[in-house]
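Read through the structure below, which is laid out as structure tokens, and then see the notes.
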Number of protein chains: 2
Amino acid sequence: MQEKTTGTKKRIRADAARNEDAVLEAAKTVFAKSGVDAPVREIAKAAGVGVGTLYRRFPKRSDLVVAVFKREVDACAADAKTLAKDNPPGVALSQWLRRYCRFIVTKKGLASSLHSGDPAFDALPDYFRSNFEPALQSLLTAAAKAGEARSDIDAFDLLRAIGNLASAGSQSGGDTDDPEQNEGMQHTYRMLDLMIDGLRFGRSAE
Amino acid sequence: MQEKTTGTKKRIRADAARNEDAVLEAAKTVFAKSGVDAPVREIAKAAGVGVGTLYRRFPKRSDLVVAVFKREVDACAADAKTLAKDNPPGVALSQWLRRYCRFIVTKKGLASSLHSGDPAFDALPDYFRSNFEPALQSLLTAAAKAGEARSDIDAFDLLRAIGNLASAGSQSGGDTDDPEQNEGMQHTYRMLDLMIDGLRFGRSAE
DNA sequence: TGATAAACGGAACAGTGTTCCGTATTTAAA
DNA sequence: TTTAAATACGGAACACTGTTCCGTTTATCA
């Protein structure tokens with residue numbers, strides 16, 4: 001945050017930045033596949049780095065978990081802007097809700113960590129809300145203004161509702177590795193469509 | 001259960017029985033001190049046996065946890081009878097409620113296991129209730145009959161109430177190893193006394 | 001008392017997290 | 001471009017885990 005312009009010594013070495021990125025990317029995948037308790041070596045190998053490199057940057061496991069989580073939140077929130085730019089407001093809205101749904105499902109494993117009492121995770125709920133609420137709010141507003149969605153929906157309420165929907169729905173599910181092919185996931189998508197329709201065709205901008 | 005009289009082969013060897021007992025006793029202590037995830041070696045050493053002996057009798061950790069739990073339940077329920085024999089009904093009742101309180105506190109660590117979803121623990125809640133409810137019921141009835149307690153209290157309700165009291169109260173607490181000296185424990189005892197007084201002096205046998 | 005089955009103990013193995021340091025890479029000065 | 005210092009890398013090594021396996025000891029009973 002201050003490496004770019006301030007005088008606080010050097011800036012981060014290129015290879016270090018590259019590796020940090022690789023580790024986060026690998027951790028995302030491994031966490032999704034094997035849970036947040038996956039062996040450190042597995043993550044390091046997937047990232048193509050040594051365990052030392054991983055530990056230097058993320059001394060505690062929670063550091064890595066938090067970093068991955070925030071990164072995913074950022075990516076998902078950023079997609080809201082992208083979708084809004086490339087699609088009609090109503091389409092952007094429903095597309096993003098799907099995107100958000102996938103986010104919730106892949107983070108199902110983290111949920112238990114979040115509520116584990118470890119203070120390392122205390123900041124995450126706020127981070128979650130302060131990123132997603134505005135992202136969804138702007139999609140909602142735009143869609144409402146275009147007459148493509150009702151305007152009486154609270155963004156955070158919707159986030160929670162879909163969150164519950166997705167995390168409950170994906171409990172049951174097939175054995176497939178790909179969550180997209182999962183029975184429970186398909187069910188979740190159908191329920192989500194229901195909500196989207198409600199969003200679209202309910203009593204509109206009153 | 002069938003080793004004593006039926007013809008199903010031999011009876012248990014004396015040393016085996018002795019060791020099983022030692023392991024359970026040691027596990028109780030170690031679980032209380034270090035939690036249910038304590039290293040197997042620590043339990044084995046405390047029991048004065050090799051890890052092989054421990055594993056032979058308790059192949060899965062949950063086997064040991066369940067056995068310790070049941071044993072403690074048995075002991076606590078048995079104390080109800082003992083106390084009833086050696087004391088006036090009212091005294092027996094309040095003494096046993098204290099005893100039960102201590103049981104709950106030392107089993108705090110197990111609570112998380114119980115609700116961990118592992119089917120190995122599914123039977124424990126029933127075991128708990130079917131032993132404690134009659135035990136307390138008979139104490140309550142005797143005390144009520146002697147005019148030393150009101151008679152409109154449901155045993156299971158009381159068990160639950162005190163359970164909540166104790167497990168919540170012992171959350172906060174000092175650093176002392178001895179739970180008996182713990183700040184939270186003292187608080188719990190005071191609250192328990194309150195309930196006991198209510199039991200004793202409330203509108204009685206109506 | 002001795003034969004036999006049962007039980008014992010702990011070495012050995014495999015899989016973790018974590019540290020440490022010789023080596024390699026990047027950076028910036030010359 | 002060359003070179004020296006700073007920085008980062010990788011993975012061997014260590015400390016602990018759970019778990020298995022089998023040579024040795026012990027209890028039982030004829």
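Please read all numbers here as calculations on a predicted model, not as lab measurements.
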Practice task
Kindly say whether A/L159 contributes a backbone atom to a donor-acceptor pair with the side chain of A/Y100 at under 3.5 angstrom?
Solution key: yes
Problem - Expected output: side-chain B/H187 to main-chain B/E183 donor-acceptor under 3.5 Å - result: no
Atom-to-atom span, [atom1] of [X] to [atom2] of [N] - whole angstrom:
X: A/K45; N: C/dT16; atom1: NZ; atom2: P; answer: 11 Å
X: B/L64; N: D/dG18; atom1: CG; atom2: C1'; answer: 14 Å
X: B/E20; N: C/dA6; atom1: CD; atom2: C1'; answer: 15 Å
X: A/K60; N: C/dT19; atom1: NZ; atom2: C1'; answer: 17 Å
X: A/I43; N: D/dG10; atom1: CD1; atom2: P; answer: 15 Å
X: A/Y55; N: D/dA8; atom1: OH; atom2: C1'; answer: 18 Å
X: A/R57; N: D/dG10; atom1: CZ; atom2: P; answer: 10 Å
X: A/N19; N: C/dT26; atom1: CG; atom2: P; answer: 10 Å

Measure from the side-chain heavy atoms of [X] and tell me the nearest of [options].
X: B/R11; options: D/dC9, C/dG17, D/dC29; result: D/dC29
X: B/R41; options: D/dT20, D/dC9, D/dG18; result: D/dG18
X: B/R56; options: C/dC8, D/dT19, D/dA8; result: C/dC8
X: A/T53; options: C/dT19, C/dG17, D/dC9; result: D/dC9
X: B/A14; options: D/dA27, D/dT19, C/dT16; result: D/dA27
X: A/D15; options: C/dT25, C/dA6, C/dC8; result: C/dT25
X: A/R13; options: C/dC8, D/dA6, D/dA27; result: D/dA6

Problem - Qualifying residue, where the test is side-chain contact (heavy atoms from CB on, under 4.5 Å) with B/I43 and the options are B/V68, B/L64, B/V51, B/L24 - result: B/L64
Problem - Residue whose closest nucleotide on DNA chain D lies nearer the 5' end, A/G48 versus B/E42 - result: A/G48
Exercise for the section: Could you say whether B/D37 or B/G52 is positioned toward the 5' end of DNA chain D, judged by the nucleotide with the nearest heavy atom to each? Expected result: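 First, find each residue's nearest nucleotide; the 5'-ward one identifies B/D37.
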Problem - B/F103/B/F132 under ring-ring contact (aromatic ring centres under 6.0 Å, His included): CA gap, chis, key distance, verdict - result: CA-CA 11 Å; B/F103 171 90; B/F132 283 162; 5.2 Å; yes
Practice task
Scan B/A38 against the nucleic acid and name what it touches under 4.0 Å (heavy atoms): base, sugar-phosphate only, or nothing.
Solution key: sugar-phosphate
Exercise for the section: Report which part of the nucleic acid A/A47 touches: base, sugar-phosphate, or nothing (heavy-atom distance under 4.0 Å, all strands). Expected result: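 It contacts nothing in the nucleic acid.
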Exercise for the section: Using a strict 4.0 Å threshold on nitrogen-to-oxygen distance, state whether A/R71 and A/D21 make a salt bridge. Expected result: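 Yes, charged N to carboxylate O under 4.0 Å.
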